[in-house]
*Asks:* 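One structure, pasted below without further comment.
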Amino acid sequence: ENVGVRMIDSHGIIQEKINTLAHLGDFKYKWSEFSPSESSEMMEAYKGKAEARDILGRMIGAEIYLVQQGYAVRRPVDGMVNKKIFVNGKNRTIREFDPERGPYFVRMFEMRAEGLADEEIVEKINAMGFKTKVMNRLNKKRDQIIGHRGGIPLNVKQLQRYVQVVEYAGVKCEKWTNHKPIKANYSGIISIDLWNQANRGKKYTTGSGLLHHRMVQKKEIVYLPCKL
């Protein structure tokens with residue numbers, strides 16, 4: 001109320017404040033005023049927090065499980081699109097080739113495997129009409145669009161980030177897989193062999209199911225052999 005805002009308790013939990021010195025006269029201090037329902041208010045706040053934690057635990061836990069089973073969640077990587085399928089009567093998401101943007105990424109891998117310099121690849125891909133995907137820019141509350149980002153030509157750094165994404169080869173390797181590679185339930189848009197050739201030994205995968213994944217630990221590059 002001090003700032004012109006009044007809260008209304010629709011559940012009837014909050015009670016008016018009382019003054020423990022009221023019976024002695026018009027004496028009032030910060031410590032002498034309290035709400036008899038303070039403990040109930042704190043309990044309701046804790047219950048709300050616990051409910052939010054339980055909801056997030058179920059939702060995020062289910063997504064982590066699906067990722068570890070090789071399915072897709074969240075927004076797809078550029079060049080691929082999400083597709084809904086039914087598995088044992090349940091709705092699951094996989095990813096498949098994007099006919100509109102996928103060809104750009106296939107050509108990136110092919111030209112890098114052929115040994116072209118990154119600068120030359122960038123020039124050729126941009127000549128094909130490539131622009132980064134346009135996405136909405138949201139405010140801090142993420143409830144209003146305040147602009148857009150993307151829609152710019154490819155550069156060398158972005159190319160190098162694209163060709164290191166193992167999901168293009170149908171492999172998932174991220175935080176929710178404990179940074180261990182697993183075979184996705186979809187084929188990707190390129191072969192594992194092409195991915196290996198394009199990365200020139202920076203990360204190495206074999207068709208037999210072994211992937212040497214580059215991990216940075218304390219600024220040192222460590223190659224870890226992992227079974228798919």
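Heavy-atom basis, side chains included; hydrogens, waters and symmetry copies ignored. Just so we're clear, the structure is a prediction, and the values are computed from it rather than from any experiment.
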*Asks:* To check you understand the geometry: which heavy-atom pair defines the closest contact between Ser191 and Ala169, and what is its length?
*Replies:* O-CB, 4.2 Å
*Asks:* For the backbone of Arg75 and the side chain of Asn82, can you confirm whether one donor and one acceptor N or O come within less than 3.5 Å of each other?
*Replies:* no
*Asks:* So does Leu66 get a backbone contact from the side chain of Trp176, meaning a donor-acceptor N/O pair under 3.5 Å?
*Replies:* no
*Asks:* Taking side chain as C-beta onward, heavy atoms only, is Leu138 less than 4.5 Å from Gln144?
*Replies:* no
*Asks:* Calculate, to the nearest 0.5 Å, the distance between atoms CD and CD belonging to Glu174 and Gln68 respectively.
*Replies:* 9.0 Å
*Asks:* Heavy-atom count check: over 12 atoms from other residues, nucleotides or ligands less than 6.0 Å from Met128 CE?
*Replies:* yes
*Asks:* For the CZ atom on Arg161, are there more than 12 heavy atoms of other groups (residues, nucleotides or ligands in this structure) within a distance under 6.0 Å?
*Replies:* yes
*Asks:* Is a side-chain N or O of Asp98 found less than 3.5 angstrom from the main chain of Glu100, in a donor-acceptor match?
*Replies:* yes
*Asks:* What do you reckon, is CG of Asn91 surrounded by more than 12 foreign heavy atoms closer than 6.0 Å?
*Replies:* yes
*Asks:* Measure across Phe109 and Leu194 and return the closest heavy-atom pair with its distance rounded to 0.1 Å.
*Replies:* O-CD1, 3.9 Å
*Asks:* May I ask you to decide if Ile146's main-chain N or O and Asn136's side chain share a donor-acceptor pair within less than 3.5 Å?
*Replies:* no
*Asks:* Working to the nearest 0.5 Å, report the span between CD of Glu33 and NZ of Lys17.
*Replies:* 6.0 Å
*Asks:* Do the non-hydrogen side-chain atoms of Tyr168 and Ile192 ever get within less than 4.5 Å of each other?
*Replies:* no
*Asks:* Under 3.5 Å, is there a donor-acceptor pair between the side chain of Arg112 and the main chain of Leu159?
*Replies:* no
*Asks:* Is it true that, when you exclude Met43 itself, more than 12 heavy atoms of the residues, nucleotides or ligands shown sit nearer than 6.0 Å to its CE?
*Replies:* no
*Asks:* Test of understanding: clusters of I, L, V, M, F, W, Y form through side-chain heavy atoms closer than 4.5 Å, transitively. Do Tyr29 and Leu24 belong to the same one?
*Replies:* yes
*Asks:* Would Asp118 and Gln160 count as a side-chain hydrogen bond (donor to acceptor under 3.5 Å, both in side chains) here? Give the steps.
*Replies:* CA-CA 8 Å; Asp118 288 347; Gln160 293 170 350; 3.0 Å; yes
*Asks:* Which heavy-atom pair separates Tyr186 from Ala72 by the least distance, and what is that distance?
*Replies:* OH-CB, 4.1 Å
*Asks:* For the CD atom of Glu119 and the CG atom of Asn155, what is their distance to the nearest 0.5 Å?
*Replies:* 11.0 Å
*Asks:* Could you check whether any side-chain heavy atom of Glu167 comes within less than 4.5 Å of a side-chain heavy atom of Arg95, counting everything from C-beta outward?
*Replies:* yes
*Asks:* Report yes if some heavy atom in the side chain of Lys124 is under 4.5 Å from a heavy atom in the side chain of Leu116; otherwise report no.
*Replies:* yes
*Asks:* Is Lys180 close to Cys173 at the side-chain level, that is, under 4.5 Å between some pair of heavy atoms?
*Replies:* no
*Asks:* Hey, is the main chain of Phe27 close enough, under 3.5 Å, to the side chain of Asn19 for a donor-acceptor pair?
*Replies:* yes
*Asks:* Out of curiosity, Ile85 CD1 to Glu96 CD, how far, rounded to the nearest 0.5 Å?
*Replies:* 10.0 Å
*Asks:* Yes or no on side-chain contact (heavy atoms from CB on, under 4.5 Å) for Met111 and Ile125, after CA distance, side-chain angles and deciding distance?
*Replies:* CA-CA 10 Å; Met111 287 191 285; Ile125 294 296; 3.4 Å; yes
*Asks:* Quick check on Lys28: does its NZ atom have over 12 non-hydrogen neighbours (other residues, nucleotides or ligands) under 6.0 Å away?
*Replies:* no
*Asks:* Decide whether Val73 and Leu56 are clustered together by the hydrophobic rule: side chain heavy atoms of Ile, Leu, Val, Met, Phe, Trp, Tyr closer than 4.5 Å, transitively.
*Replies:* yes
*Asks:* Are side-chain heavy atoms of Arg149 and Val134 found at a separation under 4.5 Å?
*Replies:* no
*Asks:* Side-chain contact, heavy-atom cut-off 4.5 Å: Phe97 with Ser187?
*Replies:* no
*Asks:* Should Met108 and Phe130 be marked as a side-chain contact (heavy atoms from CB on, under 4.5 Å) after you check the CA-CA gap, both sets of side-chain angles, and the distance that decides it?
*Replies:* CA-CA 11 Å; Met108 289 180 200; Phe130 178 87; 4.0 Å; yes
*Asks:* Side-chain contact, heavy-atom cut-off 4.5 Å: Met80 with Val77?
*Replies:* yes
*Asks:* May I ask you to decide if Asp143's main-chain N or O and Asn139's side chain share a donor-acceptor pair within less than 3.5 Å?
*Replies:* yes
*Asks:* Measuring from atom NZ of Lys49 to atom CG of Asp54, what distance do you get when rounded to the nearest 0.5 angstrom?
*Replies:* 12.5 Å
*Asks:* Is there a donor-acceptor pair closer than 3.5 Å between any side-chain N or O of Thr132 and the backbone N or O of Ile152?
*Replies:* yes
*Asks:* Applying a strict under-4.5 Å side-chain criterion to I, L, V, M, F, W and Y, I'd like to know whether Val81 and Tyr162 cluster together.
*Replies:* no
*Asks:* What distance do Tyr104 atom OH and Ile189 atom CD1 have between them, rounded to the nearest 0.5 Å?
*Replies:* 13.0 Å
*Asks:* Quick one, Glu63 with Val67, criterion side-chain contact (heavy atoms from CB on, under 4.5 Å). Give me CA distance, side-chain angles, the key distance, then yes/no.
*Replies:* CA-CA 6 Å; Glu63 289 186 348; Val67 169; 5.6 Å; no
*Asks:* Checking Lys172 against Tyr71 for the side-chain contact (heavy atoms from CB on, under 4.5 Å) test, could you report, in this order, the C-alpha distance in whole Å, the side-chain angles of both residues, the deciding distance, and whether it holds?
*Replies:* CA-CA 9 Å; Lys172 300 185 73 66; Tyr71 294 104; over 6 Å; no
*Asks:* Report yes or no: does Asn185 contribute a side-chain atom to a donor-acceptor pair with the main-chain N or O of Gln69 at less than 3.5 Å?
*Replies:* yes
